[in-house]
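Handing you this structure, nothing more for now.
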Amino acid sequence: MRTQYCGELRSSHIGSTVTVCGWVDTRRVHSEHLAFIDLRDHTGIIQCVVDEKLDLRSEYVVSVTGTVRSRFEGKSNEKLSTGEVELGDCIVELLSSAEPPPFPMHERSEVDENIRLRHRYLDLRKSRMQRNLRIRAQVNSAIRKAMEKQGFVEIETPMLIASTPEGARDFVVPSRLHPTNFYALPQSPQIFKQLCMVGGFDKYYQIARCLRDEDLRADRQFEFMQLDMEASFVTQDDVLSFVSEAIKDSAETITGERPGEIPRMTWIEAMERFGSDKPDTRFGMELIELSSIFENTEANVFKVDCVKGILYSQGAEILGRNAIDALTEKCQSWGAKGLAWFRVGEGSSLDGALTKFMSEEEITQLTATMGAKEGDMVFVIADQRRTVNHILGLLRLELARPPVGEGGLNFLWITEFPLFESVTDSGEPIPAHHPFTMPHPDDLGMLDEASGEDYLSIRSQAYDLVLNGWELGSGSVRIHKKDIQAKIFHLLGIQDDEAQQKFGFLLDAFKYGAPPHAGFAFGIDRLVALLAGEENIREVIAFPKTQSGSDPLTNAPTPLDDGHLEELGLRLAPDMS
RNA sequence: GGUCCCGUGGUGCAGUCUGGAGUGCACGCCGCCCUGUCAAGGCGGAGGUCGCGGGUUCAAAUCCCGUCGGGACCGCCA
């Protein structure tokens with residue numbers, strides 16, 4: 001049917017007869033003797049000259065057979081890749097007529113996202129989605145090639161699995177053959193890939209669909225794709241190297257430029273310098289330690305565990321009183337007691353509500369430590385260390401985060417995540433990752449000695465990959481030894497029978513010779529979004545859900561009729577229907 | 001669970017703060033004219049439950065309450 005794509009035609013084709021297919025883009029009808037029809041496919045636009053009366057309207061699907069010819073002298077169009085030529089002597093075959101589209105099909109207009117999603121099939125025709133989904137396909141391909149090149153074997157794991165109690169909320173599927181029982185959809189192939197290690201596939205990978213029933217965000221959908229990998233007889237360094245290769249190949253495929261060695265930062269350094277375990281290192285504004293300045297302060301707000309600040313260079317004029325009040329409210333909504341701010345005036349003098357409670361010495365040291373100059377703005381948070389870092393980390397992003405696409409691709413490994421994220425009132429530590437995460441070798445001894453808050457300083461061999469402030473993925477070295485695993489379960493307050501019930505099949509598998517292994521998984525939607533310069537992963541997903549988890553195109557989720565429910569042995573609670 | 005923003009012909013917006021007739025702009029749509037345009041041009045025309053419900057008022061797109069939908073974020077996402 002088609003001999004050429006629209007966007008391919010050049011002067012070199014002049015004289016040849018071609019057939020192109022596509023959608024009618026703009027048309028310029030002069031009379032029944034002359035009309036210009038722009039025909040569009042995903043490669044571009046070719047102008048077709050029609051000299052008879054034809055009822056061709058926007059988005060009609062046609063094939064055009066014609067002769068490629070040079071445009072008239074001075075009539076070429078530099079905006080089009082095909083602008084030197086046009087199709088003449090056109091024979092037009094109408095393949096489908098079309099109603100007027102519900103939103104403009106040209107690229108200039110912003111269209112409400114809800115309307116785009118309701119007519120996603122039209123939105124997909126536009127160059128933004130064409131480009132993004134093609135980038136996505138290229139990234140998938142680059143990842144597969146990179147993993148295969150490194151000796152990894154693609155293994156598929158089931159979608160209908162047993163629910164495991166830890167982690168995110170599961171999506172569940174009722175079982176028809178086993179009434180009262182449910183499958184869960186996988187949050188990740190975590191346990192299966194570890195079983196593959198026991199099964200002797202020492203390098204596993206999969207581009208896996210993962211599902212988590214948690215609230216949606218710009219960078220989170222219910223369903224998302226991960227490059228999931230695991231390898232046996234490897235160290236953390238080996239895993240980082242495998243993943244780096246896939247990441248670098250992906251980025252190079254899209255940008256044409258190969259990223260350099262991905263730098264590493266420990267978790268504690270990230271938290272102290274950037275207030276986040278996924279620091280956006282495209283810009284500075286780092287958190288600066290001020291606690292020692294206020295050790296003997298008279299100011300009550302600074303008589304706390306930790307005082308830190310950030311410097312907003314030349315921010316004094318940009319931020320008026322209203323803006324500062326708004327920032328203060330934001331910080332409070334994030335859990336801060338308040339936000340201390342200082343305008344730096346002439347000769348490093350400070351202006352701010354709290355200066356009257358501060359000594360000369362404190363003011364001088366604060367200014368010096370912050371490196372503040374006239375016209376700068378200093379924001380200070382005083383609270384528990386954890387809170388201070390968290391709030392300043394959020395404030396830093398609020399004040400200075402560059403738009404996506406600016407500042408290049410700042411990949412970063414975060415290593416040595418803590419093994420435990422908090423401690424219950426009864427003194428039991430709560431794991432930060434999953435309970436099979438291997439502790440840091442230097443901290444193994446602390447497992448026996450620690451108590452209470454001590455647990456929080458035990459490091460693990462867990463690591464994250466971060467790109468421009470987005471968490472791309474995470475992984476860890478897994479525990480493969482029974483005694484360490486028993487110790488961890490003991491610390492977590494998980495009894496033997498409980499462990500057997502929750503993870504029995506994995507523990508059973510480990511009885512039969514578990515190789516040391518480690519792995520990783522990173523989110524492909526997020527990687528593609530950042531490579532495509534999009535702020536939102538919905539822009540790189542063909543059919544995404546809205547923030548409330550519905551699909552304006554198919555109207556999912558929908559009710560089930562009574563017969564369907566009955567077959568599954570389900571009855572709706574009275575107050576739900 | 002919480003905070004904030006948005007909802008006005010098919011589309012994008014202005015109007016809302018400070019209540020006074022569905023008022024306006026651009027695109028699109030329909031018809032006519034037009035032989036070199038390219039976001040074609042000219043003339044004419046159609047198209048509205050101002051998301052929905054309630055309240056205040058002589059009077060509500062505008063103020064108040066509720067609700068639905070969309071978005072951003074905090075919590076949540078081992």
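Fair warning: this is a prediction, and the values are worked out from it, not measured in the lab. Chain letters run A, B, ... following the sequence lines, proteins first and then strands; every chain starts at 1.
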Side-chain donor or acceptor of A:Glu86 under 3.5 Å from a matching atom on the base of B:G36?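 Result: at least one qualifying N/O pair found.
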Donor-acceptor side-chain pairing of A:Thr266 and A:Glu416 below 3.5 angstrom: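 No, no side-chain donor-acceptor pair sits under 3.5 Å.
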Just to confirm, is there a sub-4.0 Å distance from OP1 or OP2 of B:U37 to any side-chain nitrogen or oxygen of A:His33?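 Indeed not, no polar side-chain atom of A:His33 lies that close.
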Check every strand shown and say whether A:Asp51 touches a base, only sugar-phosphate, or nothing at a heavy-atom separation below 4.0 Å.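 No contact.
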Is it the case that the side chains of A:Gln500 and A:Asp508 hold a donor-acceptor pair, with the cut-off being a distance below 3.5 Å and no angle test?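 A:Asp508 vs A:Gln500: donor-acceptor pair found between side chains.
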Pick the P atom in B:G75 and in B:A14, then give their distance to the nearest Å.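 Going atom to atom, P in each nucleotide, I get 32 Å.
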Using the six-membered base ring of B:U11, report whether A:Phe103 stacks on it, requiring centroids under 5.5 Å and planes under 30° apart.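 Aromatic stack with B:U11 absent for A:Phe103.
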Give A:Gln190 one of three labels, base, sugar-phosphate or nothing, depending on what nucleic acid heavy atoms sit under 4.0 Å from its own.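 Answer is base: heavy atoms of A:Gln190 come under 4.0 Å of a base.
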So what does A:Gln47 touch, heavy atoms closer than 4.0 Å: a base, only the sugar-phosphate, or nothing?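 Base contact.
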With rounding to the closest Å, how many angstrom separate the P atoms on B:G71 and B:C13?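 Rounded to whole Å, the distance is 15 Å.
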N-O pairing of A:Arg396 and A:Asp280 below 4.0 Å: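 No salt bridge links A:Arg396 with A:Asp280.
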Nearest-Å distance once atom C1' is located in both B:U35 and B:G45: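 Roughly 27 Å separates the two C1' atoms.
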Any side-chain to backbone donor/acceptor pair from A:Ser460 onto A:Ala462? Under 3.5 Å, distance only.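 Yes; at least one donor-acceptor contact below 3.5 Å.
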Is a salt bridge present between A:Lys545 and A:Glu223, judged by a nitrogen-to-oxygen distance below 4.0 Å?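 Yes, charged N to carboxylate O under 4.0 Å.
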Could you report the tightest heavy-atom contact between A:Val466 and A:Asp277, atom names first, then the distance?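 For A:Val466 and A:Asp277, the tightest heavy-atom pair comes out as CG2-O, 3.9 Å.
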Using a cut-off of strictly less than 4.0 Å between a heavy atom of the residue and any atom of RNA chain B, enumerate the qualifying residues of residues 208-220 of chain A by number.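 Heavy-atom cutoff 4.0 Å gives A:Arg212, A:Glu214, A:Asp215, A:Arg217, A:Ala218, A:Arg220.
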Within the structure shown, what part of the strands sits under 4.0 Å from A:Lys79 by heavy-atom distance: base, sugar-phosphate, or nothing?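 Sugar-phosphate, no base atom in range.
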If you go through the side-chain atoms of A:Arg28, does one of them form a donor-acceptor pair with the base of B:C34 closer than 3.5 Å?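 By the distance-only test, no, there is no pair.
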